[in-house]
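These notes concern the structure reproduced below.
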Amino acid sequence: MKYQTRQMEPTLKQLAKSYPVIVLSGPRQSGKSTLARNVFKKHQYVSLEDLDEREFAQSDPRGFLQQFESRVIIDEVQNVPSLFSYIQSIVDKNKIKAQFVLTGSSQLDLLEGVSQSLAGRACILQLLPLAYSEQIRTKRPSSIEDQIFSGSYPSIHFDQIPVTHWYHDYCKSYLERDVRKLLNIKDLGTFQIFLKMCAARCGQVINYSSFASDCGI
């Protein structure tokens, strides 16, 4: 996917001059990793979605962090919450601006770790999928109907992936997995019905009794 400039870039670069830790949160596939790697090109990069890297960080967090020469992007950092305390001690000692750029898709886990260990040391930015002004630079049609149907995830617009295929894969790969992990959902069938009910009620006032009735809960 060819990189497209995001509206957040100027803000991100400005805050990087003031904070030792930059935190990028937001939904999976909203472009956090791509944005971070293009803005902070001189930073080293590691993803904690990689099972070997995750195991290293969990078993030896100090050694894991010592392998980086100076500045680093740690992707999906919420997978190893114990890292936050070690990062705190490093930034307090080194006083280097933008030494750590942390990204995470599980916002609750990420913000809990930041608030407990990195308060006052980190700025938090939320990156959502493409804004309309970012979408119109792509090759996809930009009618209001197409925007509503397609949504605004970067891969759909920049890679020209068919919408129905992309969202099907997104639900299977991320949404069902992440939400089930967060809420300990055991009945996947009911959860899938719930997702469909959410989609059908988009833009309406939430009626919890109606939700429960239609989902058989």
Side-chain angles (χ1 to χ4, degrees), residues 1 3 6 8-129 154 170 173-185:
M1 180 173 69
Y3 178 68
R6 302 296 299 269
M8 186 180 285
E9 279 195 27
T11 301
L12 189 58
K13 292 176 180 177
Q14 183 62 39
L15 291 173
K17 299 176 183 178
S18 303
Y19 288 90
V21 181
I22 307 296
V23 179
L24 274 176
S25 70
R28 288 187 181 270
Q29 298 294 308
S30 59
K32 301 182 299 298
S33 304
T34 302
L35 174 62
R37 298 187 74 172
N38 278 274
V39 171
F40 303 102
K41 293 181 179 180
K42 295 182 178 181
H43 282 52
Q44 292 177 267
Y45 173 84
V46 63
S47 173
L48 294 182
E49 287 285 84
D50 183 312
L51 294 179
D52 291 334
E53 296 289 358
R54 188 187 307 179
E55 182 180 357
F56 183 15
Q58 289 171 334
S59 61
D60 183 10
R62 194 181 303 277
F64 172 79
L65 293 172
Q66 286 177 345
Q67 69 179 314
F68 306 111
E69 297 173 1
S70 178
R71 295 177 170 87
V72 61
I73 299 167
I74 303 179
D75 211 355
E76 300 298 342
V77 68
Q78 80 283 345
N79 285 319
V80 186
S82 59
L83 283 179
F84 290 112
S85 295
Y86 290 90
I87 291 173
Q88 174 191 341
S89 64
I90 291 173
V91 298
D92 286 350
K93 177 181 178 181
N94 294 344
K95 307 295 184 181
I96 298 174
K97 303 305 182 187
Q99 182 174 5
F100 291 94
V101 178
L102 311 177
T103 79
S105 301
S106 181
Q107 187 159 328
L108 294 178
D109 292 340
L110 179 65
L111 296 183
E112 181 180 0
V114 172
S115 63
Q116 288 181 355
S117 301
L118 297 175
R121 303 167 180 86
C123 71
I124 302 173
L125 297 170
Q126 184 180 34
L127 182 69
L128 297 175
Y170 187 87
S173 301
Y174 298 120
L175 193 56
E176 290 179 1
R177 185 189 71 182
D178 289 353
V179 175
R180 289 182 73 187
K181 177 182 176 182
L182 179 65
L183 300 178
N184 194 28
I185 293 173

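Along the sequence shown, the residues carry numbers beginning at 1. Computation of the quantities below employed the complete heavy-atom set of this structure, encompassing side-chain atoms and omitting hydrogens, waters and symmetry-equivalent molecules.
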Looking at I124 and S25, what are the two nearest heavy atoms and their distance?
CG2-OG, 4.4 Å
Nearest heavy-atom pair of P129 and S30: which atoms, and what distance?
N-CB, 3.9 Å
Got a sec: does the CD of Q44 have more than 12 other heavy atoms crowding it under 6.0 Å?
yes
Over 12 foreign heavy atoms within 6.0 Å of OH, Y19
no
Point-to-point distance, once rounded to the nearest 0.5 Å, from [atom1] of [X] to [atom2] of [Y]:
| X | Y | atom1 | atom2 | answer |
| --- | --- | --- | --- | --- |
| L48 | F64 | CG | CZ | 4.5 Å |
| I90 | R121 | CD1 | CZ | 12.5 Å |
| R6 | T34 | CZ | OG1 | 9.0 Å |
| N38 | L12 | CG | CG | 11.0 Å |
| I73 | S47 | CD1 | OG | 11.0 Å |
| L83 | L118 | CG | CG | 10.5 Å |

Between K32 and S105, do the side chains contain an N or O donor and an N or O acceptor separated by less than 3.5 Å?
yes
List for me each residue that meets side chain to side chain donor-acceptor pair (under 3.5 Å) alongside D52, sequence neighbours excluded, and say none if there are none.
none
Could you pull out all residues at least two apart from R28 that satisfy side chain to side chain donor-acceptor pair (under 3.5 Å)?
E49, D178
Quick check: does any side chain N or O of S59 sit under 3.5 Å from a backbone N or O of E55, one acting as donor and the other as acceptor?
yes
Just by modelled atom types, is the H43 backbone N or O under 3.5 Å from a matching donor or acceptor in the R71 side chain?
no
V91 vs I87, test: side chain to side chain contact (heavy atoms under 4.5 Å, CB included). Steps then yes/no.
CA-CA 6 Å; V91 298; I87 291 173; 4.2 Å; yes
Find out whether the Lys NZ or Arg CZ of R37 is both under 6.0 angstrom from the six-membered ring centre of Y45 and within 45° of the ring's axis.
yes
Output side-chain donor-acceptor pairs under 3.5 Å for residues 97-104, partner residues at least two apart or in another chain, one line each.
residue	atom	partner	partner atom	Å
K97	NZ	S18	O	3.3
T103	OG1	D75	OD1	2.2
T103	OG1	E76	N	3.2

Hey, does L128 have a side-chain heavy atom less than 4.5 Å from the side chain of P27?
yes
Going through the distances and angles, do C123 and L15 end up as a side chain to side chain contact (heavy atoms under 4.5 Å, CB included)?
CA-CA 7 Å; C123 71; L15 291 173; 3.9 Å; yes
